[in-house]
Amino acid sequence: MQRSETARGGLPPKDEPTMSGSTTRQQLVSVLLPAAIIAIIGGNLLGLQWASSYGITLGYPVPQVHIDSPAIRSFVLHQSYQFVASASGRDLQYYWNFGDQGVSSGSIVTHTFQSNGNFAVMVNATDPAGHFSSDTINVTVLPPPPQASFTYAAGYYGYVNFDASSSLVDPSTSIARYQWSFGDGTMGTTIYPQASHYYSSAGTFQVTLVIVDNTGQQSSPFEAMIPIS
Amino acid sequence: MDFITFVPGKQAAEPLQPPQRNWLQLRMIRVFDVSLAGNGFFGVVAGSTLAIVVGIVVSWLLILLVHLATAQIASRFYSGDNIAYVLGLFPFHAPLKEGAQLFLVAHGIAEHFVSTGGEDIYSAPLHGLLVLPALLLTAGGYISACTDLHNRVQRSLLRGAAIAIPYTVLLLIVATQTNGYVSSTSITGSLTMDTMTLIVFGVLWGVLFGLLGASLKVAQGHWRHMVRQYLQDGSVQAKGMIVGGMSATGLGIAFSLLWLYSLISSMPANIFFQGDNCGSGSFWQIRVLWNIVTGPLYAVNLFLFSLGAPITAHLTGQDTIISCFYITPSQPSLALFDGNLRLPIWVYSLLLIPAVSLFLGGRASAALSRAKVRGVGPRVVQGAAIALPFTVLSIFCSIISTISHTHVPSNPTTVASSTIAQTSTGGVGAIDLLLWTLLWAVVFGALGGAYQDSTLQKNVRGVLSGLASPVVRFSRPVDMLLDRLSGFPRSITRSHARSLLYGAFFLCLLLIVVTVATSLVLIIWNQTLSFSTNQSIKNVLSCILIALPGLLLLCSCISALSRDPLI
């Protein structure tokens with residue numbers, strides 16, 4: 001293997017012997033084998049990852065959730081309602097958002113609205129694989145209807161004074177107007193609870209009061225028989 | 001040693017002999033003629049230029065490849081800006097410029113970024129892609145050393161190391177082309193590569209890997225034999241001590257890297273020492289990139305952490321970069337022996353890493369000084385002596401694996417904030433490390449030294465051979481096939497390294513069967529297996545798929561490095 005530096009004028013012979021073929025093959029395998037091992041590890045990992053994902057895709061179909069009840073869309077303030085959701089899918093977790101900052105979890109939940117207004121009630125169903133589905137209903141929450149009542153006092157010369165201050169209305173709203181029917185064919189609307197009416201003839205009159213709150217809800221008519229002498 | 005040619009199998013102390021030239025020297029003589037092919041200056045410049053040019057081209061190709069691989073998900077990351085950040089770059093949206101930047105950053109060079117908010121200096125010295133400059137510098141060192149046509153040891157090594165100088169100069173020139181204005185979706189400002197770290201790391205890696213390349217040239221294909229011969233001359237105790245310390249450090253980092261990658265493959269979001277936002281875990285492309293780039297840095301810190309030293313973050317303000325490094329601002333220090341932390345019990349398996357590494361380091365130290373160190377007592381001392389180099393290397397590792405971010409505000413709003421630089425750092429402190437490295441190295445190095453050449457070693461070897469024999473018998477067909485493929489003569493006994501390599505391959509083949517079977521189970525029983533069971537099976541098997549063959553590959557490397565192939 002050793003040769004003079006000046007062979008062929010400083011150039012080595014062309015047929016420079018190198019490693020034997022067997023040694024070259026051994027060294028090649030020594031390099032290729034670790035590369036093959038790393039490639040197999042990578043392939044195994046990718047294959048396993050794919051199989052795991054595919055198994056989850058098959059085992060956990062994308063859910064479809066639906067709000068089954070309540071069927072009504074108008075709710076009364078401070079009253080408790082049950083909400084039921086059903087969904088296709090597996091191992092689902094249900095999360096409710098009632099739109100009034102109220103949240104809950106479970107397929108059957110109860111909720112009491114604490115404020116008036118229009119709300120979007122949404123349910124999310126999520127499976128462990130991260131698939132999710134949602135359903136939304138729009139609901140209106142109103143206060144309980146107002147309750148009308150009044151008192152009266154007979155005045156001079158056929159005048160009668162009415163006072164509807166005893167009418168009840170939910171604190172979340174207020175009375176917008178008082179609709180009077182005085183029983184002698186005269187109707188009247190006031191924004192104050194007090195009213196006064198002149199009866200031109202004697203007799204007994206059926207006075208009816210209906211009150212309307214700010215949400216537009218009307219009370220049941222409140223009636224009283226008033227004798228005029 | 002000058003004017004002495006290294007001849008494999010002989011002590012290098014003979015008179016001048018006609019040089020035995022390698023294929024590269026012969027090609028260089030053919031192409032450039034003897035005068036130029038033997039010119040040291042030419043070799044140094046050619047080696048460093050080649051390393052730089054190839055480095056930039058490869059980095060550019062890497063950038064193109066990364067953009068290709070992440071094309072589908074790039075739009076979700078500030079038009080791809082985050083992909084550049086994952087690589088440790090500032091987004092220029094110009095592949096060649098980003099390629100040059102990547103090549104510089106791979107060396108561990110810090111970056112200055114000046115924007116309207118002030119100046120930010122980012123530094124994370126140990127970059128995963130350091131492997132690229134390392135390989136190219138080794139090749140450059142080899143080329144440079146090849147210009148010594150007489151194959152003199154000192155002169156070849158000198159020429160190999162000398163490429164550090166032109167290499168660093170060329171890096172500085174590359175840096176001038178990388179510096180510039182960055183204007184992208186997420187940031188706007190001016191980028192400058194830090195000159196000081198460029199010079200330090202350019203010279204450091206240039207000398208280190210240049211020497212490695214030159215030593216490969218000097219060894220003429222018998223590197224391990226040459227190193228072994230060198231280690232057996234002169235002061236074997238000192239050499240054994242240093243090699244033992246180096247071995248322990250290298251093994252510790254290698255085991256940590258294996259441990260890290262085994263777990264990352266299976267449970268990216270659950271690793272206790274990784275921040276939740278590391279690598280945007282939902283996309284595997286980003287996760288792979290992140291782990292390639294930061295893997296070595298994490299591995300070094302994991303190794304130092306496994307010694308018991310605390311990983312600490314010194315944070316200033318809302319430093320999101322540091323919060324991505326092991327720890328969140330709410331938990332600024334993390335230590336294995338911190339009683340306040342309730343780490344999972346399996347985390348303490350990390351203690352095996354320094355124990356095994358230092359035990360083997362102690363053994364290496366005792367084995368190399370075998371000629372002068374006899375008896376249990378001296379072997380124990382020789383093994384324990386690795387504590388010194390091990391500590392020095394660990395401190396060096398802690399320095400290059402500490403990331404830092406300095407912010408110098410440009411418009412101070414209050415007198416208190418003024419223009420004082422605020423520096424956040426994350427990593428293991430050198431002082432914190434001192435006690436732990438010395439303690440571990442002395443104890444386990446001494447144990448390793450005592451074990452080496454003892455009767456216990458012979459007995460353990462016998463037991464292990466007995467345990468391995470059924471596996472060896474079982475894998476014989478594959479071994480024979482691989483022997484035939486590689487042309488390995490049947491009359492010669494295979495080395496341990498080769499057996500372990502074959503074993504790793506055989507294990508991989510077995511794991512293919514296991515993976516296929518498991519995959520079928522996961523698909524066929526999709527309605528029976530719950531999500532968590534599916535994930536558990538995948539996680540455990542992924543961990544095994546990397547850990548077991550990886551461990552055998554690592555053992556094969558250790559075995560190959562620890563033996564002289566010519567003996």
Side-chain angles (χ1 to χ4, degrees), chain A residues 1-61 90-92 126-131, chain B residues 17-21 23 25-26 29-30 33-35 37 149-150 221 265 284 482 485-489 497-498 501-502 504-505 507-509 511-512 514-516 518-532 534-535 537-539 541-542 545-546 549-550 552-553 556-557 560:
Chain A
M1 289 287 285
Q2 291 168 1
R3 68 185 54 77
S4 165
E5 188 178 334
T6 54
R8 292 180 66 233
L11 293 174
K14 280 182 181 175
D15 55 343
E16 172 68 15
T18 54
M19 293 174 288
S20 69
S22 173
T23 314
T24 312
R25 264 169 68 190
Q26 282 178 37
Q27 292 195 342
L28 197 65
V29 168
S30 300
V31 172
L32 287 179
L33 214 52
I37 289 167
I38 291 166
I40 291 172
I41 292 172
N44 276 343
L45 285 172
L46 281 178
L48 187 66
Q49 179 70 42
W50 176 82
S52 168
S53 302
Y54 190 58
I56 287 168
T57 307
L58 293 177
Y60 287 90
R90 197 176 150 200
D91 304 340
L92 295 171
T126 310
D127 69 13
H131 301 134
Chain B
Q17 294 175 4
Q20 186 181 350
R21 288 176 187 146
W23 65 272
Q25 285 175 312
L26 298 171
I29 290 168
R30 279 209 184 103
D33 200 52
V34 176
S35 57
L149 298 174
H150 294 286
S265 70
W284 67 267
L482 289 172
L485 279 173
S486 60
F488 192 80
R498 186 171 283 269
L501 188 61
Y502 286 3
F505 185 72
L507 185 66
C508 277
L509 296 182
L511 286 174
I512 290 177
V514 174
T515 306
V516 169
T518 310
S519 300
L520 287 174
V521 166
L522 290 174
I523 293 170
I524 292 167
W525 291 349
N526 64 73
Q527 294 296 326
T528 314
L529 295 174
S530 69
F531 181 80
S532 59
N534 175 304
Q535 293 297 291
I537 292 172
K538 186 200 80 174
N539 289 346
L541 187 57
S542 298
L545 284 175
I546 293 181
L552 282 178
L553 265 182
S556 174
C557 292

Portion of [X] that has a non-hydrogen atom of chain A nearer than 4.5 angstrom:
X	answer
B:I523	both
B:S532	neither
B:L529	backbone

Distance in Å, [X] [atom1] paired with [Y] [atom2], rounded so as to fall on 0.5 Å steps:
X	Y	atom1	atom2	value
A:I41	B:S542	CD1	OG	11.5 Å
A:L46	B:L545	CG	CG	11.0 Å
B:S556	A:I37	OG	CD1	8.0 Å

Under 4.5 Å from any heavy atom of chain B - which part of A:A129: both
Which side-chain N or O atoms in residues 50-59 of chain A pair as donor and acceptor under 3.5 Å with protein atoms at least two apart or in another chain?
residue	atom	partner	partner atom	Å
A:S52	OG	B:N534	OD1	2.7
A:S52	OG	B:Q535	NE2	3.4
A:S53	OG	A:Q49	O	3.0
A:T57	OG1	A:S53	O	2.7

Any B:L511 side-chain heavy atom under 4.5 Å of A:I40 side chain: no
Side chain proximity check, B:L522 to A:L48, heavy atoms < 4.5 angstrom: yes
Residue pair A:N44 / B:C508: nearest heavy atoms and the distance that separates them: ND2-O, 4.0 Å
For the student: nearest non-hydrogen atoms of A:Y60 and B:F531, plus distance: OH-N, 2.8 Å
Under the ring pair (Phe, Tyr, Trp, His ring centres under 6.0 Å) test, residues paired with B:W525 that sit two or more places apart: none
